[in-house]
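These notes concern the structure reproduced below.
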Amino acid sequence: MAWVLADGLIVALLGVGGFQLLADASSEAAVRRLRRLKERDAKPFAVMVPDVAAAERLCRLSEEERRLLTSPAAPIVLARGGRMWI
């Protein structure tokens, strides 16, 4: 599946809570395509990453955001992206 995302395509994955749409969040073209498809011009998307180091490559994390992401609860955290809100 990695090559599909690397080519800028979008993948639908059936998860426990319904479908998750996967796209390469580091690709502005893929994110724009997903925003257009979802008609979601401004509302942030959830971005899943394997660890805090990966999140820090995409976002500027505060100490509080880092603490939340590494806590046992691991809540969804809204963080400011490097070039855009993701």
Side-chain angles (χ1 to χ4, degrees):
M1 179 177 1
W3 69 267
V4 174
L5 297 176
D7 282 352
L9 300 174
I10 297 169
V11 175
L13 178 68
L14 182 58
V16 176
F19 280 96
Q20 298 171 358
L21 297 177
L22 310 179
D24 180 359
S26 65
S27 166
E28 289 187 43
V31 172
R32 274 195 308 271
R33 186 177 305 112
L34 187 56
R35 287 194 177 287
R36 190 171 51 251
L37 289 170
K38 292 293 295 172
E39 297 179 359
R40 203 167 173 177
D41 293 334
K43 188 175 177 186
F45 285 122
V47 177
M48 295 187 294
V49 293
D51 52 37
V52 172
E56 288 180 320
R57 286 192 293 275
L58 294 172
C59 301
R60 293 185 299 268
L61 297 177
S62 68
E63 287 300 320
E64 177 67 6
E65 290 162 342
R66 226 177 260 105
R67 185 188 67 71
L68 288 168
L69 289 172
T70 57
S71 72
I76 293 172
V77 175
L78 185 61
R80 186 76 143 130
R83 290 177 294 193
M84 66 182 101
W85 282 92
I86 302 176

Task: Partners meeting salt bridge (charged side-chain N to carboxylate O under 4.0 Å, His left out) with Arg40 (sequence neighbours left out) - done: none

- [ ] Determine yes or no for a side-chain-to-main-chain donor-acceptor pair under 3.5 angstrom, with Asp51 supplying the side chain and Ala53 the backbone.
- [x] yes

Task: Over all atoms of both residues, closest heavy-atom pair of Pro75 and Leu68 - done: CD-O, 3.3 Å

Open item on the list: Show the nearest heavy-atom pair for residues Leu9 and Arg33, with the distance to one decimal.
Closed with: N-NH1, 4.4 Å

Task: Straight-line distance of Asp24 CG to Ile10 CD1, nearest 0.5 Å - done: 11.0 Å

Open item on the list: Closer than 3.5 angstrom, by distance alone: can the side chain of Arg35 be matched with the main-chain N or O of Ala30 as a donor-acceptor pair?
Closed with: no

Task: Salt-bridge present (Glu65, Arg60; N to O < 4.0 Å) - done: no

Task: Rounded distance [0.5 Å steps], CG in Leu69 versus SG in Cys59 - done: 9.0 Å

- [ ] Taking atom CD1 of Ile76 as the centre, report whether more than 12 heavy atoms of other residues, nucleotides or ligands fall under 6.0 Å from it.
- [x] no

Open item on the list: Using every non-hydrogen atom in the two residues, find where Thr70 and Val52 come nearest and quote the distance to one decimal.
Closed with: CG2-CG2, 3.3 Å

- [ ] Apply side-chain hydrogen bond (donor to acceptor under 3.5 Å, both in side chains) to Glu64 and list each qualifying residue two or more places apart in sequence or on a separate chain.
- [x] Arg67

Open item on the list: Please give me the minimum heavy-atom distance between Leu61 and Glu56, naming the atom from each residue.
Closed with: CD1-CG, 3.4 Å

- [ ] Output the distance between atom CG (Leu22) and atom CG (Leu34), rounded to the nearest 0.5 Å.
- [x] 9.5 Å

Open item on the list: Starting from Leu37, can I reach Phe45 by hopping between I/L/V/M/F/W/Y residues whose side chains sit under 4.5 Å apart?
Closed with: yes

